Every structure is written in structure tokens, then in C-alpha cells.
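First the structure, in the form of C-alpha cells, and then the observations on it.
Computed from a predicted model, the values in this text were never measured in an experiment.
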Amino acid sequence: MDDFWPVHDALGYLAGGWRVRRAARDLASGDEGAFDGTTVFQPLVGHDGGLLHEERGTFTWRSVARPAERTLRFLPGPVPGAAEVRFADGRFFHDLDLTRGHHVADHPCSADLYRGEFTVLDADRWRTVWRVRGPAKDLVLTTHYTRAQGPTGS
């Protein structure tokens with residue numbers, strides 16, 4: 001699928017609520033898991049133009065379902081179609097440039113390398129694929145985002 005949807009305002013595009021479905025595969029063991037939940041991008045207090053990304057849902061791995069959540073900060077990038085993604089504690093995670101509708105970013109984590117591929121499909125759908133490789137990890141995490149309708153959606 002090489003049809004990308006360019007985004008001229010990354011933070012404006014992401015703002016609001018999204019339905020999230022993630023498939024997790026451990027390529028070494030063959031185990032598979034899934035996350036089902038929501039993500040809300042809302043204005044980040046104290047950062048002009050930034051967004052707070054809050055994801056909540058249920059992650060099922062080896063038939064055990066558990067609540068899961070994460071928080072990230074999306075800050076304005078060097079151009080409106082770009083953003084800088086940081087962990088909740090402020091550490092840098094990766095850059096994000098959606099001006100062409102497609103972006104690849106790397107994040108080294110100890111001895112592992114996370115390579116993320118971000119694809120904007122249209123005004124209401126985008127996808128990430130993280131490939132994680134390292135001495136203890138061999139994973140593929142594929143996440144589909146669909147814009148939510150209603151109070152948290154746009």
C-alpha cells in the first residue's frame with residue numbers, strides 16, 4: 001500500500017480521539033497478542049501547541065488480558081507537518097514528519113532498536129508498524145488508528 005495522505009498540520013491532524021487496535025507478534029517464540037483501546041490527543045498544558053497523548057485499553061498476551069496505558073507528549077516540530085515525540089517524563093522518543101504521509105523513525109533502547117513506520121491513510125485513519133530487534137527482542141507491533149466520533153473525536 002503506497003498511497004500516502006500528506007499532512008500539513010501534524011498536531012491538528014492528530015488532535016481528538018482515536019480507536020486503537022494493535023497486533024503484537026514475537027517473531028522468536030511465535031506468540032501473538034492484541035491491544036484494544038483508545039487514544040486521546042488533547043492540548044498539553046504549559047506547551048504552546050503541544051498535545052498530550054493518552055492511550056488506554058486492554059492488552060491480551062498468552063490469553064491473559066490486562067489493563068494497559070501509556071502517555072506521550074507531541075510537541076511542535078520544525079515545520080507544521082512535523083512533531084517531536086517525547087515520553088511522559090520528557091525524554092526524547094522520536095521525530096515525526098507527516099508532510100508526505102509517511103515517515104520512518106528509529107529509537108535505540110539499550111541494546112535494542114525500535115524502527116517505526118508511520119503511514120497516514122486518509123483524514124480518519126493512520127497506521128504505525130514498529131519493528132523491534134535486539135538481543136532479547138524480535139517483535140512486530142502493528143497499530144491501526146481510526147478517528148473516533150463523538151465527544152472525544154473531531
Side-chain angles (χ1 to χ4, degrees), residues 1-25 27 33-59 68-154:
M1 181 180 271
D2 290 340
D3 294 323
F4 307 135
W5 200 76
V7 171
H8 303 289
D9 176 2
L11 298 178
Y13 174 79
L14 295 170
W18 298 84
R19 178 92 175 116
V20 180
R21 295 217 167 129
R22 178 174 301 122
R25 288 186 340 184
L27 300 177
F35 174 86
D36 190 18
T38 59
T39 291
V40 176
F41 289 88
Q42 58 191 349
L44 180 60
V45 176
H47 289 274
D48 188 30
L51 295 173
L52 183 67
H53 162 279
E54 294 180 302
E55 180 178 274
R56 289 186 173 82
T58 301
F59 182 62
E69 62 183 51
R70 73 174 172 168
T71 301
L72 299 170
R73 299 176 187 184
F74 283 63
L75 304 177
V79 297
E84 182 179 290
V85 183
R86 294 188 168 268
F87 292 106
D89 64 7
R91 290 176 298 125
F92 180 77
F93 185 10
H94 64 84
D95 60 338
L96 180 64
D97 185 341
L98 299 177
T99 56
R100 295 183 182 183
H102 184 258
H103 181 74
V104 175
D106 287 341
H107 173 73
C109 183
S110 287
D112 300 322
L113 177 65
Y114 287 66
R115 172 160 285 164
E117 181 179 1
F118 301 80
T119 305
V120 180
L121 304 170
D122 59 36
D124 296 318
R125 296 179 306 127
W126 59 291
R127 173 185 68 229
T128 65
V129 179
W130 283 98
R131 179 69 171 95
V132 186
R133 291 185 177 142
K137 295 180 183 172
D138 193 6
L139 306 170
V140 176
L141 308 168
T142 303
T143 307
H144 294 272
Y145 297 85
T146 304
R147 193 175 300 280
Q149 303 303 315
T152 60
S154 359

May I ask you to decide whether [X] forms a salt bridge with [Y], counting only side-chain N to carboxylate O separations under 4.0 Å?
X	Y	answer
R131	D106	no
D36	R19	yes
E54	R73	no

From [X] [atom1] over to [Y] [atom2], what is the distance, rounded to the nearest 0.5 angstrom?
X	Y	atom1	atom2	result
T71	L52	OG1	CG	6.0 Å
F35	R56	CZ	CZ	10.0 Å
L27	D138	CG	CG	4.5 Å
T143	R22	OG1	CZ	3.5 Å

What's the shortest heavy-atom distance between [X] and [Y], and which atoms?
X	Y	result
T38	V20	C-CG2, 3.9 Å
R147	A15	NH1-O, 3.3 Å
F59	G33	CE1-C, 4.4 Å
L141	V132	CD1-CG2, 4.5 Å
G81	A10	O-CB, 3.4 Å
L14	F41	O-CD1, 3.2 Å

Check the pair L96, F74 against side chain to side chain contact (heavy atoms under 4.5 Å, CB included), reporting the backbone distance first and the verdict last.
CA-CA 9 Å; L96 180 64; F74 283 63; 3.9 Å; yes
Applying side-chain hydrogen bond (donor to acceptor under 3.5 Å, both in side chains), name anything that partners D112, two or more places apart in sequence or on another chain.
none
[Y] ring center within less than 6.0 Å of [X] ring center:
X	Y	value
Y13	W18	yes
F87	H107	yes
W130	F118	yes

Are [X] and [Y] close enough that some pair of their side-chain heavy atoms sits under 4.5 Å apart?
X	Y	value
L11	D9	yes
T142	T128	no
Y114	K137	yes
L72	V85	yes
V140	V129	yes
R86	L75	yes
F4	T119	yes

Dump the intermediate steps for side-chain hydrogen bond (donor to acceptor under 3.5 Å, both in side chains) on E117 and H102, then the final yes or no.
CA-CA 7 Å; E117 181 179 1; H102 184 258; 2.7 Å; yes
Report the C-alpha separation of R115 and V104 in whole Å, then their side-chain angles, then the decisive distance to 0.1 Å, and conclude whether the side chain to side chain contact (heavy atoms under 4.5 Å, CB included) test is met.
CA-CA 7 Å; R115 172 160 285 164; V104 175; 3.9 Å; yes
By the salt bridge (charged side-chain N to carboxylate O under 4.0 Å, His left out) test, which pairs, at least two apart or in different chains, include something from residues 92-101?
none
Is there a donor-acceptor pair closer than 3.5 Å between any side-chain N or O of R21 and the backbone N or O of Y145?
no
